[in-house]
Amino acid sequence: MWETKIHRRRIRILIGIFIGTAFLVVGRLFYLQILHSADYKERAENQYTTSSTDTFDRGNIYFTAKDGTTVTAATVVSGFKLVINPTLITDPEHTYAALNAVIPIDHATFIAKATKENDQYEEIVDHIEAPQADALTKLALPGVTLKRENWRFYPGGELAARTIGFVSYKGDTLTGTSGLEQYYNDVLSRASDDVSVNFFAQIFANMTSSFKNTSTEGDIVTSIEPTVQAQLEQTVTSIQQKWDSDTVGGIIMDPYTGEIIAMAAAPSFDLNNFTSVKDQSIYTNPFVQNRYEMGSIVKPLIMSGAIENNVVTPSTTYTDHGSVTVNGTTLSNFDKMGRGANVTMQEVLNQSLNTGMIFVEQHMGKAMFKDYVENHFHLGDKTGVDLPGEVNGAVGSLDGSNDINYAAAAFGQGIATSPINIVRGFAVLANGGILVTPHLATAVVKESGTTVPINY
């Protein structure tokens, strides 16, 4: 009995010691993280740099690999910016030589800034990584400091550049100005104030309101497969270089879901150095922001409508004279050659015969033809793709009853639409008649880690 009491007393003492120690640890953490967090943060930052009260932050954009894992397409990295106070620099040449030995700096630009009178702040170099920052700090040069900064970084460089887009300044604010960066700016943007909160701040200081609860914020997961994207870019670039074309592009899309697996246009540009581009029209996405007379690409769409309504069958024949005269205007095949009698509808598509498509259009009639162009394939509408600046198609030539306009439209002339709209049209042929919404983003990953699928 006596030994039992001793054991109980010892257990109580040990429990008391543990509780006391826990209170001391918690108290110390409260002291460090709550009462003096700002002081210690400033000391840590000042080992390298002057403190920064407005640090850029933004959500990530991800590719999705074949195995379902995500690959970073756009992120934020941390580093430093080199700044000088010219009033404290007594020997600009010496200062330049010391700095240039660590990081390349343009001599004329530096000297011009370092010798400015009554000037206390000049920015010299940004995007400096930690190893260089260490070396610069050790120099301890008068009038030279490092300022902590974050910046947008694109690990793939040129990969999917016209689709991913970039951020740039709008006034004093960095914001998405093209591609997915612009379209999903509300999701990717972060408030500029310091909203980070630690566990003890939440418990002791009742600072839960500092957590970001905005439901729209998060990271964007896309359906772009990086290996397929790279291969497509290599292909379109080789074609563009071979034929010296202004623009060459290609889209790979799942016809059943509308998920865009790859979207590439050449020429392209490096997202990490986009300001070096001379012709800023390269920033646009031609698949969405431009419309074209698609020509013979339209033929299978028109033919499918005629077959669906039993106007023709694949084995229906006509006589090809090489040209057709409509209201006094002669419309010809691409080679102006006729194929003779008994040319099937399958051969019309195989050989891309304009005269065969005029035959189809005339048998469909204007009402049915226009209905398929406008209401089945929606060539005059936007697709709803999640990229900025999408244009409508132009099918106004079918508003009247001009026979020539309808005949030309049968082989894709006189009407225009965006490449993404034509891709959607071909998806209809492949998926059994469903009009899908082309899209790149598949999910938003919230700051809590929850993945929210995007429904289309």
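Numbering of residues begins at 1 and proceeds along the displayed sequence. Bear in mind the structure is a predicted one, so any value in this text is a computation, not a measurement.
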Subject >> Residue pairs, two or more places apart or on separate chains, that pass ring-ring contact (aromatic ring centres under 6.0 Å, His included) and touch residues 435-456 >> reply: His439-Tyr456
Subject >> Residues which pass side chain to side chain contact (heavy atoms under 4.5 Å, CB included) with Thr69, listed by chain and number, not counting sequence neighbours >> reply: Ala65, Asp67
Original post:
Do NZ/NE/NH1/NH2 and the carboxylate oxygens of Lys370 and Asp399 come within less than 4.0 Å?
Top reply: yes
Original post:
Only one of Ile220, Val452, Thr451 forms a side chain to side chain contact (heavy atoms under 4.5 Å, CB included) with Val445, so which one is it?
Top reply: Thr451
Output a table of donor-acceptor pairs, distance under 3.5 Å, between side-chain atoms of residues 407-417 and any protein atom two or more places apart or on a different chain; print 'none' if there are none.
{"residue": "Thr417", "atom": "OG1", "partner": "Leu379", "partner atom": "O", "Å": "2.9"}
{"residue": "Thr417", "atom": "OG1", "partner": "Asn421", "partner atom": "ND2", "Å": "3.2"}

**OP:** Show your reasoning for whether side chain to side chain donor-acceptor pair (under 3.5 Å) applies to Thr177 and Ser168.
**Re:** CA-CA 6 Å; Thr177 48; Ser168 62; 3.0 Å; yes
Original post:
Salt-bridged, Arg190 to Glu447, with N to O below 4.0 Å?
Top reply: yes
Original post:
How about Tyr372 and Glu374: does a side-chain donor come under 3.5 Å of a side-chain acceptor?
Top reply: no
**OP:** Take Tyr62 and Asn60 through the side chain to side chain donor-acceptor pair (under 3.5 Å) test and state the conclusion after the steps.
**Re:** CA-CA 6 Å; Tyr62 296 103; Asn60 294 338; 3.0 Å; yes
**OP:** Can you sort out the partners of Asn185 under side chain to side chain contact (heavy atoms under 4.5 Å, CB included), two or more places apart, ordered by chain and number?
**Re:** Arg58, Thr175, Ser189
Subject >> Criterion side chain to side chain donor-acceptor pair (under 3.5 Å) on Asp381 and His378, from CA distance to verdict >> reply: CA-CA 5 Å; Asp381 300 335; His378 295 268; 2.7 Å; yes
Subject >> Within-4.5 Å side-chain heavy-atom neighbours: Phe110 and Ile84 >> reply: yes
**OP:** Answer yes when Glu181 and Arg152 have at least one side-chain N-carboxylate O distance shorter than 4.0 Å, and no when they do not.
**Re:** yes
**OP:** Could you list the residues that satisfy side chain to side chain contact (heavy atoms under 4.5 Å, CB included) with Gln351, not counting sequence neighbours?
**Re:** Arg339, Glu347, Leu353
**OP:** Write out all pairs satisfying ring-ring contact (aromatic ring centres under 6.0 Å, His included) with one or both partners inside residues 127-165, taking only residues at least two apart or from two chains.
**Re:** His127-Trp151
Original post:
Could you give all pairs that pass the salt bridge (charged side-chain N to carboxylate O under 4.0 Å, His left out) test and reach residues 246-273, with sequence neighbours left out?
Top reply: none
Subject >> Residue list, ring pair (Phe, Tyr, Trp, His ring centres under 6.0 Å) with Phe369, at least two apart or on another chain >> reply: Tyr406
Subject >> Under 3.5 Å side-chain donor-acceptor pair for Glu225 and Gln229 >> reply: no
Original post:
Of the non-hydrogen atoms in Pro419 and Asn290, which two are nearest, and what is the gap between them?
Top reply: CD-O, 3.6 Å
**OP:** Return the set of residues passing side chain to side chain contact (heavy atoms under 4.5 Å, CB included) with Thr87 (not counting sequence neighbours), or none when no residue passes.
**Re:** Asn85, Gln120
**OP:** Output all residues satisfying ring pair (Phe, Tyr, Trp, His ring centres under 6.0 Å) with His107, sequence neighbours left out; order by chain, then residue number.
**Re:** Tyr96
**OP:** Any side-chain hydrogen bond (donor to acceptor under 3.5 Å, both in side chains) involving residues 387-398? Give me the pairs, sequence neighbours left out, ordered by first then second residue.
**Re:** Thr383-Glu390
Original post:
Listed by chain and number, what are the ring pair (Phe, Tyr, Trp, His ring centres under 6.0 Å) partners of Tyr283, not counting sequence neighbours?
Top reply: Phe166, Phe269
Original post:
Given the rule in the side chain to side chain donor-acceptor pair (under 3.5 Å) test, do Ser296 and Lys299 qualify, once you have shown the distances and angles that lead to the verdict?
Top reply: CA-CA 5 Å; Ser296 295; Lys299 291 175 180 175; 3.1 Å; yes
